[in-house]
Structure formats: structure tokens, C-alpha cells
Amino acid sequence: MSPRRTDAGGRVDRLRTIRFTFDGAPYTGHAGDTLASALLANGVTLFGRSFKYHRPRGVLTSGVEEPNALVTVLRGEVREPNIAATMVEIYDGLTAVSQNRFPSLAWDINAANQLGGKLLSAGFYYKTFMGPAIGPLKSTRFWMFCEHFIRRAAGLGRAGTAADTARYERMNAFCDVLVVGSGPAGLMAARAAADQGARVILSELEPHFGGSANWSGETIDGMPAADWAARAAGQLEGYDNVRLLPRTTVWGYYDGNTLAALERVTDHKERPGKGEPRHRYWIIRAKSVVLATGSFERPLVFPGNDRPGVMLAHAAERYANEYGVLPGNRIALFTNNDSAYRSALALKKAGAAIVAIVDVRTELSSEMRELADEAEAKSLSGHAVVATEGGKALSGIKVQRFDMTNGALAGEARSIQADCLLMSGGWSPTIHLASQAGAKAEWNAARQAFLPPKPTQQWIGAGAFTGSFSTAEAIAEGRAAGLSAAGGTGTPTALPVVEAAPGDPDPAPVFEIKADGKSFVDFQHDVTAEDVRLAHREGFISVEHLKRYTTLGMATDQGKSSNILGLAIMAEALGKPIPEVGTTRFRPPFSAVSIGSLAAERFGDLRPERLTPMHDWHVANGATMYSAGLWYRPMIYGHAGETIEQAYVREAKATRESAGIVDVSTLGKIAVQGPDAAEFLDRVYTNMFSTLAVGKARYGLMLREDGLAFDDGTTWRLGQQDFLMTTTTANAGKVMQHLEYFLDVVWPELRVHVTSVTDEWAGAAIGGPKARAILAACVTGTAVDNAALPFMGIVHGKISGVPVMICRLSFSGEMAFEVYSGAGYGTHVWEALIEAGKPFGLVTYGLEALGTMRIEKGHVTGAEIDGRTTARDLHLDWMLSKKKPFIGSAMMDREGLIAPGRLELVGLISLDNQPLNGGAHIVEDLDEANPHDSIGHITACCYSPALGKYIALALVKDGKARRGTRAHISDPLRNRFGPVEIVSNHFFDPDGSRMHG
């Protein structure tokens with residue numbers, strides 16, 4: 001039998017022994033234990049070291065709010081630091097180690113930091129930044145001296161460097177009602193909503209449903225509350241419209257009733273089953289949410305309140321009732337409310353000796369006195385704990401008379417021998433998700449706690465979350481919340497009958513006992529009561545400033561146990577009530593979320609790798625692939641021994657002489673549909689689209705609201721209310737956001753729907769003198785001659801039996817056609833086009849050749865539409881309609897955008913027959929030793945097979961006026977200097993005769 005394991009009781013499986021190690025020492029526990037409960041059962045009291053002072057710390061709580069007992073879990077070479085021992089389910093082979101100590105947990109040399117006193121008080125980081133004037137170490141030099149040591153000491157657990165071998169998943173779920181928390185309130189809410197026919201998801205962060213029912217020791221409907229909860233959960237499991245998610249923490253509440261959750265699928269297993277992920281990240285979109293998240297018990301602030309062996313009363317009660325573990329043999333309790341008396345009785349029944357119940361209140365109800373007598377505890381009302389005794393474990397406490405009206409201590413302190421002290425400072429509803437959903441929490445003077453705000457989204461609260469701390473209230477509120485969330489009314493029905501210990505949930509407004517010694521508010525970050533008062537004296541009185549200056553509530557527990565205490569001490573220092581001081585807003589995540597779960601299946605790079613439908617064909621046929629934006633695209637289809645330049649010159653030349661084909665599946669494609677689609681496009685584009693005929697396409701230009709160029713592309717009119725917009729590859733996402741913003745915010749009255757269909761279509765552009773003949777050889781169901789398919793015309797037909805849509809438009813300057821098919825048929829259509837093109841000398845070409853031909857033709861892309869250029873700068877002012885307003889039209893004629901001296905698009909020809917470099921500057925007078933007076937820069941460059949010269953596009957000051965003049969390239973970083981001629985940006989076929997045919 002383990003030293004602290006009770007002879008009976010608890011809900012662990014005593015027939016299954018689990019073996020694990022902690023700091024290398026072997027231990028055993030039982031199935032159902034957490035690491036915290038198993039170590040307590042083995043008599044372990046020292047779990048970790050505090051952040052700043054490296055003080056010894058034991059377990060404080062029994063759940064997700066644990067600030068002290070943080071461990072690192074090892075799985076092979078993979079380290080997972082800063083995991084609360086209270087949330088680690090033990091399994092055979094579990095290896096856990098303590099952290100933030102050297103050389104060992106028992107003997108940590110950094111505990112010498114406790115001698116630092118005021119040097120390490122609140123704000124010492126900031127004061128170190130400024131530094132004292134110590135010889136040469138003045139001002140920031142002192143910080144630079146200290147920084148190395150501070151950074152080495154910072155942090156708690158050490159992150160690993162080994163690759164994580166676990167698998168993660170991401171899931172999307174939709175429901176009518178999401179119930180968060182499965183205590184009595186949550187179970188009743190889920191049942192009520194499910195009975196109304198609603199689709200229900202019930203999430204619970206613990207392994208078992210039931211919440212406080214699993215350890216309260218109460219009776220519900222004549223049976224132990226834990227059995228009632230298990231039966232209720234079992235009944236819900238039989239519902240087809242209910243999904244149960246145990247071990248699932250809902251950690252974020254976002255707009256539109258979208259919530260984020262983390263399911264710990266296999267953390268409790270020695271090894272995952274086949275195909276099982278470690279974590280599953282849920283994105284849940286709910287019509288309505290029931291928040292039944294319960295509450296957290298608060299500590300009390302007094303000297304020595306952080307010593308191992310001091311914990312929360314409800315945590316000790318849970319360890320006894322749920323795990324069959326006593327946190328001590330001789331237990332004292334310190335409280336300002338009634339709930340500690342129930343805990344005392346539960347621990348007495350489990351086999352502990354209750355040596356004293358110290359209560360700051362002088363007046364106790366007869367029910368509490370009876371509970372104290374039943375627990376055989378000495379009742380010390382009107383007293384307070386003023387110190388604890390012991391080293392790495394508690395050996396005793398000191399108590400003194402206390403007047404809670406003025407906080408004064410009286411009389412001599414006396415010692416009481418105890419190996420465990422349980423404290424209860426009242427309860428704080430777990431309102432984190434409601435706070436994230438919007439609005440400020442509301443202070444309740446009776447509960448001495450912040451209650452949830454009025455809902456700004458579709459959520460309903462129930463149980464302790466709302467400040468209703470009794471199980472009977474939780475059951476009634478839970479059922480009502482479930483009915484309301486499901487839109488039902490329900491008929492009056494008998495609710496489960498609860499038998500529970502009596503007690504008043506309202507605590508006395510006592511948060512701190514002022515006595516000699518360090519009294520901790522935030523256990524993890526070593527924030528003391530004196531640190532809070534120091535922040536007040538130094539002017540950091542805003543709750544946000546208090547948090548950052550002292551680091552109060554910035555640890556892994558996010559202030560779950562310390563927030564109210566810090567606010568109360570600051571309020572006293574300010575002479576104001578707590579609600580006037582306010583509280584910080586809770587932000588996601590509620591608890592730690594693994595980065596692996598957020599990435600889920602998308603791993604291996606910082607960005608996802610998007611592949612076109614023809615990707616495998618490109619690779620198999622010798623393409624050199626590279627990343628262009630988020631997409632992987634062919635750069636060249638190189639022959640043996642070819643350089644990149646030789647390959648793209650060959651591909652571009654062959655396209656000009658016969659025909660070439662390029663994969664354009666990556667172009668952004670957006671369906672714009674609805675009765676007002678044409679009007680919307682008129683507002684979005686600078687030119688007119690409402691006059692566009694069905695079956696035709698038009699080139700369009702978009703401006704930003706500030707009048708600068710944003711994007712260009714073609715839009716096809718497929719029907720009277722149906723348009724297909726194409727965008728540049730790199731700007732597809734930005735254009736989609738642009739459109740959605742204006743529809744949602746600026747013009748919500750427009751009846752238009754926009755849908756990204758980029759991934760729905762595979763695209764191939766085929767161009768060159770023989771392009772039409774190639775299409776004629778393989779397209780059926782439509783003619784492709786000039787009458788049927790004129791410039792910017794659209795036809796529908798089939799290629800090799802696959803429906804295709806063809807538009808005659810050109811990016812290369814040749815007669816060209818874009819052929820679109822369903823993405824799943826992309827490779828099939830691509831191969832059919834290539835097969836039809838073999839007799840005509842068709843070549844495949846990549847982005848380098850595509851870029852070469854667009855530079856020759858003078859087309860602009862993102863290199864020129866760089867967020868600083870206007871339509872006039874790019875010689876696209878012919879597209880600025882004078883008949884209608886459009887986005888940017890009100891701002892495009894600002895003085896600075898039409899002033900002389902702006903950078904304008906030009907062409908450059910290298911006069912020394914040497915390559916040009918993108919980004920190189922252009923100067924009028926060359927000075928290699930002292931480059932200066934840039935008049936512009938190169939945006940894109942290549943070797944032109946059409947001209948037999950190195951050419952470039954550039955943005956040059958007053959560029960149009962400089963055509964026909966000479967200048968110089970000045971590129972000192974690459975040691976490239978040389979003469980160039982400034983010419984029109986249209987190098988090749990300026991009148992478009994080849995394109996129009």
C-alpha cells in the first residue's frame with residue numbers, strides 16, 4: 001500500500017498497477033490516477049521550483065489551474081515541457097521530470113535567489129534595463145552585462161530539439177448546441193437540448209464526464225453523485241444526435257459562435273493505436289453555446305502560503321474522494337467561507353486527522369459547527385494562519401487572533417502541528433470563454449467574484465459559472481439553459497433530488513493576512529503581496545500595467561488562481577472597491593495548446609505547399625520546380641547540359657515560332673454571382689463591366705482605396721448574373737479579402753456572392769502561331785476559328801471527352817487561349833493538348849519563359865504593381881473610366897499621385913550586352929566609387945530571344961519623357977555597372993498584330 005493511499009474509496013482501478021518514473025525514481029500508481037495523485041499517494045510533496053526564487057513548491061490544485069506542479073514529459077527524445085502534473089494521466093512507461101532546478105529538485109543552487117530580497121522584486125527586469133551607474137556599466141550597458149544571465153535563468157521547462165514524431169489532426173464540426181463542461185449543469189443541459197432534437201456536442205476537459213459530481217461526495221436521486229453522472233453520460237452516449245468529447249478543452253471563443261478546442265486523444269496511452277493522432281484540433285461552429293465551466297477555488301494570501309503541503313481545500317477533497325489519496329495525515333484548514341467544512345468532513349471520512357479549522361469569521365452557522373464537530377476538528381473562529389513551518393514539506397502552522405473588520409492581528413501566535421494545510425478563499429466562476437466572447441465581467445459583492453458579462457454572442461450560462469454554487473441550482477439552471485439553447489420550452493418536470501452538505505457560498509471579504517514573511521499571490525511567477533503594493537507605489541496602478549510590471553497572471557495558469565487576489569490588494573492600496581479597479585480581459589487560449597495540433601496535417605514547412613493538378617506530370621517530365629507564392633510551379637523544362645537561361649530562351653523562342661503550353665492553374669479564380677454582380681464589378685474595377693456581353697472577357701484593373709494600383713486580370717461573363725474573375729497568383733487571397741470587405745462592410749445591400757474557386761479549375765494556356773490549329777485538332781463540340789472564338793471570346797467544348805471552357809486571351813503577346821477543366825481532369829486534358837500539339841512542334845514552358853515573354857510584351861505583374869504605383873505610372877490610365885466612380889477614384893488624382901517626377905514604367909536595353917539584375921538602380925551619371933542620385937530601379941529582367949538582347953522593365957523618374965535617352969545601371973552590391981537605353985516598355989509587337997491574328 002502506498003504511504004498516502006486510503007484503504008478504500010476513490011474511483012481508480014486498484015487492480016491495475018501502473019509503473020512510471022519521476023526524476024528517474026520508479027513509482028507505481030493505479031489506472032485512473034493523474035501524475036499528481038500518484039505521486040501524492042507515494043508520499044511525494046516536492047514537485048517543482050518556483051520561477052524566480054526557486055522556492056520548493058508542492059501541488060496546489062487538482063486540475064487545469066495548477067501553477068506549481070509543472071513537469072516535462074519525455075517520449076523517447078521528444079520533450080513536452082510545462083505540463084501540469086494534475087493533467088497528466090499515468091500510463092505504463094510514463095517518464096516525467098521536474099524542471100527549473102539544478103542540479104536536482106531537492107538541492108537547487110538557484111534557491112540562493114531568495115537572498116536577493118528587494119533586488120529581485122517586481123519590475124527588476126525593467127530597472128535592470130536602465131541600470132545603475134556602476135563604473136563603465138552605465139545605463140543600458142548594465143543590462144547588456146546582465147542579459148546573458150537573466151535569459152539563461154528565464155523560463156521553466158526546457159523545450160526539446162528532437163523532431164516530434166506524433167501525428168495531429170484537425171476537425172471541423174457544426175452543431176446546434178455546444179455544451180462546455182460536463183458537471184451536473186452541463187449534463188442536464190446536454191440532455192435537455194438533445195431531447196429537443198438538437199445536434200449537441202458535449203465537451204469535457206477531464207477524462208471522465210461528471211465534473212464536481214465525481215468527487216463531491218453528494219447524493220443525487222438516491223445514488224452517489226459520481227454514479228449518477230456516469231449514468232447520465234452513458235445515456236447521452238446512446239443518442240444519435242449527441243457527440244461526446246472527453247479530454248477536450250474548449251480554449252477559444254471567437255466571432256460568429258466559432259470555438260476552438262483541443263482533444264488529447266492519446267496522451268494517456270503508452271503508445272497510440274493505429275492511425276490515432278496525439279491531439280485533435282476542433283473548430284466548432286455552434287448556433288448556441290451553454291457555458292457550464294464551473295469555478296476555481298481561490299487561495300488565501302499569508303506568509304508561507306507556498307510551502308509544499310499547502311493546497312486548496314477542494315483539491316484535497318478531490319484527491320481523497322476521486323483518487324483515494326490523502327494529501328496529509330494531520331490536516332489543518334484555513335478558510336473564509338463554508339465550503340472548507342465539507343472538505344474537512346470528507347478527509348476525516350477518508351482517514352485523515354483534522355487538527356484544526358481556522359476561520360477568519362467570528363460568527364459561524366450552527367451547521368458549520370456541527371460539520372466541524374463531526375470532523376472532530378478544533379474550530380478556531382476569528383483566527384488566521386500567519387506562518388507555516390517546515391522546509392521542503394510542511395511540519396506545522398502558526399495561528400493568531402484576527403479581526404477581519406480591520407485586518408489586525410492580536411495576541412500571541414501559537415503553533416499547530418500539521419503536515420498539510422488546506423486553504424479556501426472563496427470561488428471564482430470560470431468565465432474565461434465568456435470574456436473572450438466579448439464584454440466586461442461584472443463584480444458580485446456577495447460572491448466576492450467577477451460573474452460573467454451579459455452575452456454579446458449566442459451563449460447561455462449555467463451552474464457555478466453563473467455564481468450558482470450548489471448542485472441543485474446547477475441542475476435546474478443546466479436544464480433551463482439546454483432547453484433555451486435548443487429553442488425549446490419544455491414541460492415542467494421533476495428534477496433530480498440532491499442531498500448535499502449545507503453551506504453558504506458567500507465568503508468573507510478577506511484576501512490577505514498581513515504578517516511578517518513572503519506572502520504569495522501568483523505562485524508560479526513568485527509575485528508577492530508586497531510586489532503588488534510596490535507596483536502601486538511606483539505608479540503601475542492600471543490592471544494592465546500591474547499585470548505586466550509584476551508578471552501577475554502571465555504564467556501558464558494565466559492567473560486562474562491569482563487574478564482576484566492581486567486585484568483585491570491593489571484595490572486596497574488605491575482605497576477603491578475592486579470593481580473600480582477592474583479586471584484584465586481573458587484571452588485565448590484558456591490553457592496551453594500544442595503547436596502541432598494547430599498545424600495538424602500541414603507540417604514540414606512554415607507554409608503549406610500548394611500543388612497544381614499537373615504537378616506530378618511536370619516532375620515526371622523533367623521540370624525544375626520552385627515555389628512561386630504558395631504554389632510549386634515549373635521554372636524550366638531543362639535539357640541535359642542546359643543552363644537556366646539557355647532553357648528559358650529555347651522555350652520562349654519555340655513558343656514564338658510555333659506554340660507553347662504553360663500551366664496556369666494557379667491564377668486566382670473567383671466566382672462573382674448574383675443580381676448585382678455587374679454593378680459590383682463596375683465599382684471594383686476602374687473600367688466598365690456591366691456592358692460586357694455574355695460569352696466575352698475583359699481585362700480589368702483594380703485600385704486600392706488610396707488610388708494606388710492593386711491588381712489586374714481578366715473577368716469572364718458566363719451568364720447574365722455569373723462572372724468568373726481571374727487574378728494574379730500572388731494576389732488571389734488579397735483580392736478575395738478585398739471583395740469580401742466591401743460586400744460585408746461598405747455595400748452590404750448588394751445582392752452578390754463571391755466564392756473562391758481557384759482549386760476547382762485546372763488551367764492551361766496555349767499560345768503561338770500554331771495554337772489555334774492545335775486546338776482545332778483536339779477540341780470537339782465547338783469551332784475555334786476567328787468567327788466562333790474572337791479575341792476575348794469564350795466557348796465551351798470538350799477535349800478527349802472532358803468538358804472544357806476556352807477563352808482567347810494572351811499574356812505572352814502571341815495568339816493564345818486559356819483552357820480550363822475541372823481540377824480532377826487537369827492532367828488528362830493537359831496530356832491531350834500535348835499529344836495534339838506534337839505534329840505542330842508544341843513545347844512546354846515554365847515561369848522563366850513566361851516571364852521573358854511578358855517582359856518582351858511589357859505586361860505588368862506584382863513587381864510593378866508594388867503598392868506604390870498608380871495606373872498612370874503604369875500607362876494604364878486608358879482604363880480609368882470617366883463615366884462611373886470606382887474604388888480609388890476619389891483618391892487617384894491627389895496632388896502627389898499626379899505630380900511630375902513620379903516613377904513611370906519604361907523598358908531598358910543593355911548596351912554592353914551583359915545581363916541586368918532586378919533591383920539594380922538607374923542613374924544618369926555613373927560614379928562607381930560613390931553611387932548616388934538614383935532615378936529608378938529595375939523591376940524585372942531577362943534575355944530576350946525576340947530581340948537578341950538583355951532587356952528589363954523598370955520604374956524611372958519621368959520615365960515616359962526619357963524614352964530614347966541613355967542612362968547607367970548602378971548595382972554596387974553585385975559590382976554591375978553599365979550603360980542602358982531607356983525605351984518603351986513594349987519591346988515586342990507593340991501594335992498587337994500577333995495577338996489579334
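Numbers here simply count residues along the sequence, with the first being 1. Below, each value reflects all heavy atoms present in this structure, side chains not excepted, and no hydrogens, waters or symmetry copies.
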**OP:** Please lay out, stage by stage, how R872 and D893 fare under the test salt bridge (Lys or Arg N to Asp or Glu O under 4.0 Å).
**Re:** CA-CA 10 Å; R872 295 182 179 92; D893 293 328; 2.7 Å; yes
Subject >> M725/L681 under side-chain contact (heavy atoms from CB on, under 4.5 Å): CA gap, chis, key distance, verdict >> reply: CA-CA 9 Å; M725 175 188 291; L681 292 175; 3.5 Å; yes
**OP:** With salt bridge (Lys or Arg N to Asp or Glu O under 4.0 Å) as the test, would you mind laying out the steps for R966 and E981 before giving the verdict?
**Re:** CA-CA 4 Å; R966 294 193 174 191; E981 182 181 1; 5.5 Å; no
Subject >> T861 vs R854, side chain to side chain donor-acceptor pair (under 3.5 Å): CA-CA, chis, key distance, verdict >> reply: CA-CA 9 Å; T861 62; R854 80 99 179 168; 3.2 Å; yes
**OP:** Apply the test salt bridge (Lys or Arg N to Asp or Glu O under 4.0 Å) to residues E601 and R170: give CA-CA distance (whole Å), side-chain angles for both, the deciding distance (0.1 Å), then the verdict.
**Re:** CA-CA 7 Å; E601 296 87 350; R170 184 173 62 164; 5.1 Å; no
**OP:** In sequence, state the C-alpha distance, the side-chain angles, and the governing distance for E848 and Y626, and then conclude on side-chain contact (heavy atoms from CB on, under 4.5 Å).
**Re:** CA-CA 11 Å; E848 292 297 313; Y626 66 2; 3.1 Å; yes
Original post:
Do E645 and Y950 pass the side chain to side chain donor-acceptor pair (under 3.5 Å) test, and can you show the C-alpha distance, the side-chain angles, and the key distance before you say yes or no?
Top reply: CA-CA 11 Å; E645 182 179 291; Y950 286 101; 3.0 Å; yes
Original post:
Checking side-chain contact (heavy atoms from CB on, under 4.5 Å) for the pair V795/M805: CA distance, chi angles, key distance, verdict?
Top reply: CA-CA 6 Å; V795 296; M805 182 166 56; over 6 Å; no
**OP:** Quick one: do D682 and K883 satisfy salt bridge (Lys or Arg N to Asp or Glu O under 4.0 Å)? Show the steps, please.
**Re:** CA-CA 10 Å; D682 279 349; K883 298 180 180 179; over 6 Å; no
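Looking at D971 and H921, their side chains never bring a donor and an acceptor atom within 3.5 Å of each other. For S881 and N687, the side-chain atoms include no donor-acceptor pair closer than 3.5 Å. Checked by atom type, the side-chain pair T729/T666 shows a donor-acceptor distance below 3.5 Å. A donor atom on one side chain and an acceptor atom on the other are not found under 3.5 Å apart for T715 and R698. Side-chain contact annotation: Y699 with D712, donor-acceptor N/O pair under 3.5 Å present. T727 and D711 form no side-chain donor-acceptor contact under 3.5 Å, judged by distance and modelled atom types alone.
Heavy-atom neighbours of K696 NZ from other residues, nucleotides or ligands within 6.0 Å: above the threshold of 12. Heavy atoms of other residues, nucleotides or ligands lying less than 6.0 angstrom from CG of D925 number 12 at most. Taking a 6.0 Å sphere around CD1 of I644, one finds it holds 12 or fewer heavy atoms contributed by other residues, nucleotides or ligands. Counting heavy-atom neighbours within 6.0 Å of K734 NZ, excluding the residue itself, gives a total of 12 or less. Annotation: F791, atom CZ; neighbour count of heavy atoms from other residues, nucleotides and ligands within 6.0 Å is above 12. For R894, the CZ atom counts as densely surrounded, since its 6.0 Å shell holds more than 12 non-hydrogen atoms of other residues, nucleotides or ligands.
Residue A697 comes nearest to C807 through the heavy atom pair CB-SG, 3.6 Å, listed as atom of the first residue, atom of the second, then distance. Nearest heavy atoms, R976 versus S910: NH2-OG, 3.6 Å.
Residues V684 and F742 fail the side-chain proximity criterion, which asks for heavy atoms closer than 4.5 Å. Counting heavy atoms from C-beta outward, V662 and F811 have side chains that stay 4.5 Å or more apart. For the pair R610 and Y632, the minimum side-chain heavy-atom distance is 4.5 Å or more. In this structure, D912 and P979 have side chains that are in contact, with non-hydrogen atoms separated by less than 4.5 Å. Between P588 and Y254 the shortest side-chain heavy-atom distance falls below 4.5 Å. Inter-residue side-chain proximity for F987 and S944 is flagged as unmet; no heavy-atom pair is nearer than 4.5 Å. Between L833 and I661 the shortest side-chain heavy-atom distance falls below 4.5 Å.
We find the CG-CZ distance between L789 and F817 to be 5.5 Å, quoted to the nearest 0.5 Å. Between atom CD1 of residue I794 and atom CG of residue L809 there is a gap of 8.5 Å, rounded to the nearest 0.5 Å. The line from OG of S889 to CG of L880 is 9.5 Å long, rounded to the nearest 0.5 Å. Atom CD1 of I935 is separated from atom OG of S970 by 11.0 Å, given to the nearest 0.5 angstrom. Interatomic distance, K857 NZ to H986 NE2, rounded to the nearest 0.5 Å: 7.0 Å. Taking CG of D958 as the reference point, atom OG1 of T965 lies at 11.0 Å (rounded to 0.5 Å).
Taking 4.0 Å as the cut-off between side-chain N and carboxylate O, E904 and K960 do not count as a salt-bridged pair. A salt bridge links R656 to E856: at least one charged side-chain nitrogen sits closer than 4.0 Å to a carboxylate oxygen. With respect to D873 and R902, a salt bridge is recorded, a charged nitrogen being found less than 4.0 Å from a carboxylate O.
Not less than 6.0 angstrom separates the ring centroid of H615 from the ring centroid of W631. Here the two rings, on H968 and F977, have centers that are 6.0 Å apart or farther. W716 has its ring centre less than 6.0 Å from the ring centre of Y820.
Between L874 and the options T869, N985, L701, a side chain to side chain contact (heavy atoms under 4.5 Å, CB included) holds for only T869.
With a 6.0 Å cutoff to the six-membered ring centre and a 45° limit on the axis angle, R650 does not count as a cation-pi contact of Y637.
Put simply, the side chain of N731 gets close to the backbone of F710: a donor and an acceptor are under 3.5 Å apart.
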